[in-house]
Amino acid sequence: MIQNLLKKYGSLLGLLANTAVVGAFLLVLWGSLSAQFLLHELPCPLCVLQRYSMLLVCLGPIYILINRERGELDLQKYMIGHGISIISALLGMVFSARQILLHIGPNDTGYGGVFLGYHFYTWSFITFVIVIIYAAIMLLFSDNLMPLNTKSNKIIDFGIKIVLYVFLFTVAVIFLAIVAELGFNFKLPDDPIYYELFR
């Protein structure tokens, strides 16, 4: 029964899953940007590298979605897309694990905000682990979950385009925020408190 359901709806499920991964990371990124702009919690260099890793993770599903839209998605491109996500997530895990280990001491309160009892960099590590598990599942069931370029709902296609445009907007906002934080310096300070561009 499950096999029949996957054959019938697997392509749609794969399409929605790839879109959901990009959407989920956009929510995470906008959460960190909200902390930056509303709570004035400027990201440290490791936080910035984790943001970049999240953007890179999104490139995998976006690659799959764009190739599907063009009618050029095959198994090799599907595997490349998830491979991009896995490598980017591994890179992000290195950055977030480094930050976790910096603040693992008994009297260290950590850096930045806390959400549901964990610092943002701990949540970052957790999301990267989830991405690797997700990509592995998508690759294991690629026969059924590869989104084919078949007629799908116009609402779904419109939702995908919205997610892609929000991704591009997010990239621009993160770039401008880093330029403002960095100013004319070569590197970010370890514990930033000012937008160097406006000092």
Side-chain angles (χ1 to χ4, degrees), residues 6-33 43 46-97 120-121 123-179:
L6 279 175
K7 281 183 181 177
K8 188 171 183 181
Y9 299 109
S11 177
L12 177 62
L13 181 62
L15 179 66
L16 294 175
N18 281 294
T19 308
V21 166
V22 179
F25 268 108
L26 289 175
L27 287 174
V28 170
L29 287 166
W30 277 102
S32 70
L33 288 168
L46 284 170
C47 300
V48 171
L49 290 172
Q50 289 167 60
R51 286 182 183 180
Y52 291 165
S53 298
M54 288 181 184
L55 292 173
L56 289 173
V57 164
C58 291
L59 289 181
I62 288 172
Y63 178 79
I64 291 169
L65 293 171
I66 289 173
N67 277 293
R68 176 214 168 250
E69 183 66 28
R70 292 179 177 167
E72 299 172 359
L73 184 64
D74 57 16
L75 187 58
Q76 181 182 7
K77 290 180 179 177
Y78 182 79
M79 290 188 296
I80 288 171
H82 287 301
I84 290 169
S85 293
I86 290 170
I87 291 170
S88 302
L90 288 170
L91 190 64
M93 283 176 68
V94 169
F95 298 137
S96 53
F120 290 153
Y121 45 85
W123 281 113
S124 179
F125 185 88
I126 292 167
T127 60
F128 290 128
V129 170
I130 291 170
V131 165
I132 292 172
I133 294 168
Y134 156 80
I137 291 169
M138 295 299 282
L139 288 171
L140 284 171
F141 297 99
S142 58
D143 287 345
N144 295 317
L145 295 177
M146 187 169 75
L148 304 172
N149 189 19
T150 55
K151 283 222 165 198
S152 60
N153 193 314
K154 288 183 180 181
I155 295 173
I156 292 172
D157 288 338
F158 180 73
I160 292 170
K161 286 183 180 164
I162 294 288
V163 167
L164 295 178
Y165 286 125
V166 171
F167 175 80
L168 292 175
F169 178 70
T170 306
V171 170
V173 169
I174 288 174
F175 174 76
L176 293 173
I178 293 303
V179 168

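Every heavy atom of this structure was used, including side-chain atoms; hydrogens, water molecules and symmetry mates were not. Starting from 1, each residue takes its place in the sequence as its number.
The distance from the CD1 atom of Ile62 to the OG1 atom of Thr19 is 9.5 Å, given to the nearest 0.5 Å. Residue Ile87 holds its CD1 atom at 10.5 Å from CG of Leu56, rounded to the nearest 0.5 Å. Between atom CD1 of residue Ile64 and atom CG of residue Asn18 there is a gap of 4.5 Å, rounded to the nearest 0.5 Å. The line from CD1 of Ile174 to CZ of Phe169 is 10.5 Å long, rounded to the nearest 0.5 Å. Remark: Leu139 CG to Tyr78 OH distance equals 6.0 Å, nearest 0.5 Å. For the atom pair Lys77 NZ and Ile66 CD1, the distance stands at 11.5 Å (nearest 0.5 Å).
Heavy atoms only, all atoms of each residue included: Ala135 and Ile86 are closest at CB-CG1, 3.5 Å. Closest non-hydrogen pair, Leu26 versus Phe167, comes out as CD2-CA, 3.7 Å. Taking both residues in full, the closest heavy atoms of Ser85 and Gly60 are given as OG-CA, 3.6 Å, listed atom of the first, atom of the second, then distance. Across every non-hydrogen atom of Phe95 and Leu46, the tightest pair is O-CD2, 3.9 Å. Taking each heavy atom of Ile80 and Tyr63 in turn, the nearest pair found is CG2-CE2, 3.8 Å. For the pair Ala89 and Val131, the tightest heavy-atom approach, listed with the atom from each and the gap, is CB-CG1, 3.9 Å.
Side-chain contact between Phe128 and Leu91 is absent, with no heavy atoms from C-beta onward closer than 4.5 Å. Proximity of Ile132 to Met93: side-chain heavy atoms (C-beta onward) are separated by under 4.5 Å at one or more points. Using a 4.5 Å heavy-atom threshold, the side chains of Val28 and Trp123 count as separate. Side-chain contact between Glu69 and Ile160 is absent, with no heavy-atom pair separated by less than 4.5 Å. The shortest distance between side-chain heavy atoms of Leu29 and Val173 does not fall below 4.5 Å.
For Ser124, the side chain to side chain donor-acceptor pair (under 3.5 Å) partners are Gln50, not counting sequence neighbours.
Under the 3.5 Å distance criterion, the side-chain polar atoms of Arg51 are left unmatched by any main-chain donor or acceptor of Pro43.
Between His82 and Tyr134, the ring-plane angle classifies as perpendicular under the 30° and 60° cut-offs.
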Would you sort out whether Met54 and Thr127 count as a side-chain contact (heavy atoms from CB on, under 4.5 Å), showing the intermediate values? CA-CA 9 Å; Met54 288 181 184; Thr127 60; 4.0 Å; yes
